[in-house]
**Q** 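Handing you this structure, nothing more for now.
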There are 2 protein chains.
Amino acid sequence: MFSNSSSHQGLSWAAERHRFIEAGGNTSHAFGLGRMIGRAYAMLYLATSPMSLDDIAATLRVSKASASTVLRQLASWQAVRQIWVAGDRKDYYEAETDFSVILKEGLMPGVRKKLQTAGTQIEKTLQSSTQKAPTTPANEEVAPADQAEIRRRLRSAQQLHQRLDKVLGSKLLARFL
Amino acid sequence: MFSNSSSHQGLSWAAERHRFIEAGGNTSHAFGLGRMIGRAYAMLYLATSPMSLDDIAATLRVSKASASTVLRQLASWQAVRQIWVAGDRKDYYEAETDFSVILKEGLMPGVRKKLQTAGTQIEKTLQSSTQKAPTTPANEEVAPADQAEIRRRLRSAQQLHQRLDKVLGSKLLARFL
DNA sequence: AACATTGTTCAGAAAATTTTGAACGTTCCC
DNA sequence: GGGAACGTTCAAAATTTTCTGAACAATGTT
C-alpha cells in the first residue's frame, strides 16, 4: 500500500513541485544564468511562507554554502526578499512574485551590462578601422574597398547595439511584461 | 625596429580584430550560447570574402572539428551562409550581416523553444495543483489557502509566459531591430 | 584502383564551472 | 568568558561542458 496520494493520472504534488523546480533550473541554465538560480527561485515561488537558508538548502539538496551564494545573487536582482523575523537570528527569504520588478530592477540591468562590453568593443574596433593611416608604409593587408565595407558593417552593428540598449532601458518593455 | 603599423594611440588592426572576436565570444557566452559561436560569427562579420573551414579554424586557433560544428550551428540559425565556389571542393562561409534575418530565423525560434519547456511545466504544475482531490485521506501538507495562492502565482507565471511568447513570435520585434 | 582532399562524428582529454566542507567572523545567550 | 547558532568565504573536489585527434565517409584525381 503506497501512500501516493493523487488518485488518477498525474504525479503527486510533491513530485510535480520537484519537476517545476528542475524546469526552473533548466530554464535559467539555458539562458546562461546557472542552474541553481532557477531552482532556488522556482522553489520560493511555490512557497507560501518565507523559508530559512537551511530549509532552502535542505529542499534543494544542496550545501548551505551554495544556498547562501545563490540567494544573495537572487536578492541582488530583487527576485527574492529577505524577511526578518523578530527574535529569530535566521534569515528568511520569500520570492518577489511581481515579475516586472525583477525584470526592471534585476535582469534588465544585467543584460544591458553584458551588452555594454560588446558595445564598447565595437566602438574601439570602429575607431581602429577609421584610423586615417594616410599611406602608411606597411599598410597591413586590408584593401581600401574592404576597409570601407568593414566600417559599414561595424556602424550597422553599433546601431543595433544602440537600439537594443535603448529598448531595454525604456520602461516600455518592463511595463508590458 | 618593430613593424607595428598604426602610429599613435590604439592597437594595430590585427590586434583590434582579435579583441573584437574575443568580445563576440564573451558576449555569446554570457548569454549561454557558448563562446565559439560568438567568436566564429564575429570573425566572419569582419571578413570581406568567404572563408574556408581551414581558414576559419586557423584564424580562431581551433581544431577543424570545432570549426565544423560551430559553423553548422551558425548555419542552422541563418547567421552564416555557405558559398560554393565552382571547381573547389571546399566549403566557404560568409556572415549574414542582416541581423533581422538572424533574429527572426535563428535566435527567436531558439529562445521560444527554450521557453516552451518552461511553459509546459507550468501548465502541468497548475493542473497538478488544481487536482480536485476532494478530501483525499492523506491530503499532503498543503493548506487550502496556500493552495489557492499557489494557483494564483502559477496562473500569473503562465500569463507572463504567454505574453512573452507572443511578443517573440510577432514580427514586430524583428522588424524593429 | 590507389590515393588525396575535405568535412563529419565521436570517445576521450582538457578546461571551465559548480559544489562542497571546513575554517572563520558575528551575534547572542548562559 | 565560553559556547552555540548562523551566514559567509574560499581552496579543493566533483561535475559539466567544450575541445580535440583519430577514424571514417564521401568525392574527386591520377
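Reminder, nothing fancy here: chain letters follow the sequence lines and each chain counts from 1.
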**Q** D/dT8 P sits how many Å from A/Lys90 NZ, rounded?
**A**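 Roughly 14 Å, once rounded to whole Å.
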
**Q** Below 6.0 angstrom between ring centroids: does that apply to B/Tyr45 and B/Phe99?
**A**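 Yes, they do, as the ring centres are separated by less than 6.0 Å.
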
**Q** Just by modelled atom types, is the B/Asp55 backbone N or O under 3.5 Å from a matching donor or acceptor in the B/Thr59 side chain?
**A**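 Checking the backbone N and O of B/Asp55 against the side chain of B/Thr59, a donor-acceptor pair under 3.5 Å is found.
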
**Q** Is A/Arg39 salt-bridged to A/Glu22, going by a charged N under 4.0 Å from an acidic O?
**A**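 Result for this pair is yes, salt bridge flagged.
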
**Q** Please give, in whole Å, the distance from C/dC29 C1' to A/Asp88 CG?
**A**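 These atoms are roughly 14 Å apart.
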
**Q** Just the rounded figure in Å: distance from P of D/dC19 to CG of B/Leu60.
**A**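 It is 10 Å, rounded to the nearest whole Å.
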
**Q** Rounded to whole angstrom units, what separation is found between the CD1 atom of B/Ile37 and the C1' atom of D/dT17?
**A**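 Rounded to whole Å, this separation is 14 Å.
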
**Q** Under 3.5 Å, is there a donor-acceptor pair between the side chain of B/Ser28 and the main chain of B/Gly34?
**A**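 Indeed, once roles are kept as given, a pair shorter than 3.5 Å links the two residues.
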
**Q** Does the side chain of A/Arg89 get closer than 4.0 angstrom to OP1 or OP2 of D/dG7 through an N or O atom?
**A**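 Answer no for this pair, as no side-chain N or O of A/Arg89 is under 4.0 Å from OP1 or OP2.
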
**Q** Counting side-chain heavy atoms from CB outward, which of D/dG7, C/dT19, C/dG7 is closest to A/Met36?
**A**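 Per side-chain heavy atoms of A/Met36, the pick is C/dT19.
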
**Q** Within the side chain of A/Arg19, is there an N or O that forms a donor-acceptor pair under 3.5 Å with the backbone of A/Ala14?
**A**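 Absent.
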
**Q** Just how far, in rounded Å, is P of D/dG7 from OH of A/Tyr92?
**A**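 Taking atom P of D/dG7 as the reference, OH of A/Tyr92 is at 9 Å.
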
**Q** In this structure, how many angstroms lie between the P atom of D/dT27 and the CG atom of B/Leu53, rounded?
**A**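 Rounded to whole Å, this separation is 17 Å.
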
**Q** In this structure, how many angstroms lie between the C1' atom of C/dA16 and the CG atom of B/Asn26, rounded?
**A**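 So the CG-C1' distance, B/Asn26 to C/dA16, works out to 13 Å.
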
**Q** Which nucleotide wins on minimum distance to the side chain of B/Asp91, given the candidates C/dG7, D/dG7, D/dT20?
**A**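 The answer is C/dG7, which lies nearest to the side chain.
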
**Q** So, is A/Arg35 near the phosphate of C/dT17, with a side-chain N or O under 4.0 Å from OP1 or OP2?
**A**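 No, because none of the side-chain N or O atoms of A/Arg35 sits under 4.0 Å from OP1 or OP2 of C/dT17.
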
**Q** Would you please confirm or rule out a distance under 4.0 Å between OP1 or OP2 of D/dG21 and any side-chain N or O of B/Ser63?
**A**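 No, no such contact exists.
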
**Q** Looking only at side-chain atoms of B/Lys64, point me to the closest of C/dG7, C/dC10, D/dT9.
**A**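 Selected nucleotide: C/dG7.
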
**Q** For the side chain of B/Ala65, starting at C-beta, report the closest nucleotide among C/dT9, D/dG7, C/dG7.
**A**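 My answer, after comparing the listed nucleotides, is C/dT9.
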
**Q** Just to confirm, is there a sub-4.0 Å distance from OP1 or OP2 of D/dG7 to any side-chain nitrogen or oxygen of A/Ser68?
**A**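 The answer is no; no side-chain N or O of A/Ser68 sits under 4.0 Å from OP1 or OP2.
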
**Q** Is the shortest side-chain N/O distance from B/His29 to OP1 or OP2 of C/dT17 below 4.0 Å?
**A**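 Affirmative; the distance criterion is met.
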
**Q** From CZ of A/Arg72 over to C1' of D/dC10, roughly how many Å is that when rounded to an integer?
**A**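 Nearest whole value for this atom pair: 12 Å.
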
